[in-house]
Asks: 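Take this structure first; my questions come after.
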Amino acid sequence: LDISAMESDAFKPEDISLMETLGGLLALAIDKADYLEHTSQTRDYLENLIANAGDGIFVLDPAGVVVRWNLGVERLTGYSADEMRGRAIRYLGSLGVFPRAEDRFSRVMKGERIEGVEEKTRSRQGIELDVVLTMSPIIGPSGALAGVSAIVRDVTERRRLEEGLSAMHGRILESEARFMEVIEKAHDAIFLVDARDSIIIQANLKAEEMTSTNRERLIGRPFLELHPDEERDGAKKQFQETVRTGAGPSVDFHLMDGGGPPRDVEVTSSVLHHGGRSVVQWFCRDISDRRRAEQEKEALH
């Protein structure tokens, strides 16, 4: 505000006081205009954010009447904002849309916050959906309760995926149980060996019998300890070849027997995935009788 005069002492003290007052009022008016413009921009931004949010959002006034219904909840339920604005919350329940919302609205109006509760809802097309609902009080400028906001997230696909994964996990566990049952009843000694560190993670009943060692003492040991020192390099190469190619050739080794001399065994190996990791199946078939018969035949010859 710029005020001037041609002569000196042209303004009396009351004139100056009036102009200072006027300047202050103009400054307040400008500040208010800036504030209103900023508030309008913020409101428009928030309105746009709410309208286009991925989650469904609707707002109820203190009487439980719908005053806002965004695109997310339109897509979820099949009911448009024009149809739902001005409707009482009990109307939603009669449609099968958020059937427990009226009870939850009453609880929020008493000061409670409903956060992340799961419920079923039904769309206009009759499709049943799983949703997660959060309802919160809206506090007005005066501090009084001005209504309730509700955020709805569709978790139908996630639920179906979780159920599918749960069923698949059950089938895997069942399959692994059958697999272990087959291994347990096998006539060959079978060791399951971790492909990364060559440590025995499982052994069957025949393995206990052929090594004269219970499985609690076998599990956790390096598999190379199953073979005599002079054969360990060969067993290691067989193991590495199996890990690299998925299956190793049939090789004759000796298997250490804690109750007597080493047994003659024919070893075959292959890789499988078990318990979430790569495992080498180390099959040891006892060929002591066959080797003894061959030796007797050679001696006879």
Asks: Is a side-chain donor or acceptor of E83 paired with a backbone partner of S80 at a separation under 3.5 angstrom?
Replies: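 Side chain of E83 to backbone of S80, a donor-acceptor pair under 3.5 Å: yes, one is there.
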
Asks: Out of curiosity, L218 CG to Q202 CD, how far, rounded to the nearest 0.5 Å?
Replies: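 The distance works out to 10.0 Å.
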
Asks: Output every pair passing ring-ring contact (aromatic ring centres under 6.0 Å, His included) with a member in residues 126-154, not counting sequence neighbours, ordered by first then second residue.
Replies: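 Listed by first then second residue: nothing to list.
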
Asks: If you measure from NZ on K236 to CG on D233, what distance do you get to the nearest 0.5 Å?
Replies: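 With rounding to 0.5 Å, NZ (K236) is 7.5 Å from CG (D233).
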
Asks: Do the side chain of D55 and the main chain of I151 share a donor and acceptor less than 3.5 angstrom apart?
Replies: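 Side chain of D55 to backbone of I151: no pair is present.
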
Asks: Please report the interatomic distance CH2(W69) to CZ(R87), rounded to the nearest 0.5 Å.
Replies: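 Nearest 0.5 Å value for the CH2-CZ distance: 11.0 Å.
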
Asks: With sequence neighbours left out, what residues match F98 under ring pair (Phe, Tyr, Trp, His ring centres under 6.0 Å)?
Replies: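 Testing F98 for ring pair (Phe, Tyr, Trp, His ring centres under 6.0 Å), a comparison that skips the adjacent residues, returns F58.
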
Asks: Among residues at least two apart in sequence or on other chains, which ones pass side-chain contact (heavy atoms from CB on, under 4.5 Å) with D9?
Replies: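 Partners of D9 by the side-chain contact (heavy atoms from CB on, under 4.5 Å) criterion come out as none, since no residue qualifies.
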
Asks: Show me the donor-acceptor pairs within less than 3.5 Å that the side chains of residues 99-109 make with the rest of the protein, sequence neighbours left out.
Replies:
| residue | atom | partner | partner atom | Å |
| --- | --- | --- | --- | --- |
| R104 | NH1 | E119 | OE1 | 2.2 |
| S106 | OG | E102 | O | 3.2 |
| R107 | NE | E112 | OE1 | 3.3 |
| R107 | NE | E112 | OE2 | 3.4 |
| R107 | NH2 | E112 | OE2 | 2.7 |

Asks: Just list the side-chain donor-acceptor pairs under 3.5 Å for residues 128-141, sequence neighbours left out, or say none.
Replies:
| residue | atom | partner | partner atom | Å |
| --- | --- | --- | --- | --- |
| D130 | OD1 | K120 | NZ | 2.6 |
| T134 | OG1 | G116 | N | 3.1 |
| S136 | OG | R113 | NH1 | 2.3 |

Asks: I'd like to know if the side chain of Q238 reaches the main chain of P249, judged simply by a donor and an acceptor atom lying under 3.5 Å from each other, with no hydrogens or angles considered.
Replies: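 It does hold such a pair.
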
Asks: Could you list the residues that satisfy salt bridge (charged side-chain N to carboxylate O under 4.0 Å, His left out) with D194, not counting sequence neighbours?
Replies: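 Salt bridge (charged side-chain N to carboxylate O under 4.0 Å, His left out) list for D194, sorted by chain: R196, R277.
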
Asks: Among pairs that include at least one residue of residues 13-32, which meet side chain to side chain donor-acceptor pair (under 3.5 Å), considering only residues two or more places apart or in two chains?
Replies: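 Not a single pair qualifies under side chain to side chain donor-acceptor pair (under 3.5 Å).
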
Asks: Return a table of donor-acceptor pairs under 3.5 angstrom between the side chains of residues 280-288 and protein atoms on other chains or two or more places apart.
Replies:
| residue | atom | partner | partner atom | Å |
| --- | --- | --- | --- | --- |
| Q281 | NE2 | S270 | OG | 3.0 |
| W282 | NE1 | H227 | NE2 | 3.2 |
| R285 | NE | D188 | OD1 | 3.1 |
| R285 | NE | D188 | OD2 | 3.3 |
| R285 | NH2 | D188 | OD2 | 3.0 |
| D286 | OD1 | S288 | N | 2.9 |
| D286 | OD1 | S288 | OG | 2.8 |
| D286 | OD2 | R263 | NH1 | 2.8 |
| S288 | OG | D264 | N | 3.3 |

Asks: Take atom CD of E298 as the centre, draw a 6.0 Å sphere, and report whether it contains more than 12 heavy atoms from other residues, nucleotides or ligands.
Replies: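 Check fails, neighbour count at 12 or below.
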
Asks: Would you please name every residue forming a side-chain contact (heavy atoms from CB on, under 4.5 Å) with A29, sequence neighbours left out?
Replies: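 Partners of A29 by the side-chain contact (heavy atoms from CB on, under 4.5 Å) criterion come out as none, since no residue qualifies.
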
Asks: Where is the tightest heavy-atom contact between A146 and P62, given as atom of each residue plus distance?
Replies: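 That closest heavy-atom pairing would be O-CD, 3.2 Å.
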
Asks: Does atom CZ of R153 have more than 12 heavy-atom neighbours from other groups under 6.0 Å away?
Replies: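 Not more than 12 within 6.0 Å, no.
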
Asks: Kindly work out whether a path of hydrophobic side-chain contacts (I/L/V/M/F/W/Y, heavy atoms less than 4.5 Å apart) joins I199 to V267.
Replies: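 No, no single cluster joins them.
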
Asks: So for atom CZ, which belongs to R122, do other residues, nucleotides or ligands contribute more than 12 heavy atoms lying within a distance under 6.0 Å?
Replies: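 Open.
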
Asks: Working note: I200 + L226, criterion side-chain contact (heavy atoms from CB on, under 4.5 Å); need CA distance, chi angles, decisive distance, verdict.
Replies: CA-CA 10 Å; I200 299 169; L226 299 173; 4.1 Å; yes

Asks: Take M210 and V265 through the side-chain contact (heavy atoms from CB on, under 4.5 Å) test and state the conclusion after the steps.
Replies: CA-CA 10 Å; M210 288 175 62; V265 293; 3.6 Å; yes

Asks: If you draw a 6.0 Å radius around CZ in R217, do more than 12 non-hydrogen atoms from other residues or ligands fall strictly inside?
Replies: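 Not buried by this count: 12 neighbours or fewer within 6.0 Å.
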
Asks: With rounding to the nearest 0.5 Å, note down the distance linking CD in E209 to CG in D257.
Replies: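 Here the rounded value is 9.5 Å.
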
Asks: Just by distance, do the side chain of Q125 and the backbone of G78 share a donor-acceptor pair under 3.5 Å?
Replies: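 Such a contact is absent between Q125 side chain and G78 backbone.
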
Asks: Find the distance between CD1 (I3) and CG (L18) and round it off to the nearest 0.5 Å.
Replies: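 Result: 8.5 Å between the selected atoms.
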
Asks: Same hydrophobic cluster for L224 and V271, using side-chain heavy-atom links shorter than 4.5 Å among ILVMFWY?
Replies: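 L224 and V271: one cluster.
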
Asks: Who passes ring pair (Phe, Tyr, Trp, His ring centres under 6.0 Å) against Y79, sequence neighbours left out?
Replies: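 With neighbours one apart ignored, the set is empty.
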
Asks: Please assess F191 against F223 for the test ring-ring contact (aromatic ring centres under 6.0 Å, His included), listing each intermediate value before the final yes or no.
Replies: CA-CA 8 Å; F191 303 87; F223 94 102; 8.9 Å; no

Asks: Looking at side-chain heavy atoms only, is the closest gap between D229 and R232 below 4.5 Å?
Replies: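 D229 reaches R232 side chain to side chain.
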
Asks: Looking at residues at least two apart in the chain, or sitting in another chain, which of them share a side-chain contact (heavy atoms from CB on, under 4.5 Å) with S250?
Replies: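 Scan of S250 (side-chain contact (heavy atoms from CB on, under 4.5 Å), adjacent residues dropped) gives E266, T268.
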
Asks: L205: which residues meet the side-chain contact (heavy atoms from CB on, under 4.5 Å) condition with it, sequence neighbours left out?
Replies: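 Result, side-chain contact (heavy atoms from CB on, under 4.5 Å) vs L205: E184, E208, R215.
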
Asks: Using 0.5 Å steps for rounding, measure from the OG1 atom of T213 to the CZ atom of R221.
Replies: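 If I round to the nearest 0.5 Å, the distance is 6.0 Å.
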
Asks: Report yes if some heavy atom in the side chain of Y91 is under 4.5 Å from a heavy atom in the side chain of V66; otherwise report no.
Replies: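 Side-chain contact under 4.5 Å: no.
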
Asks: Within the 4.5 Å heavy-atom criterion, are L95 and T77 side-chain neighbours or not?
Replies: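 Heavy-atom side-chain distance check fails, nothing below 4.5 Å.
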
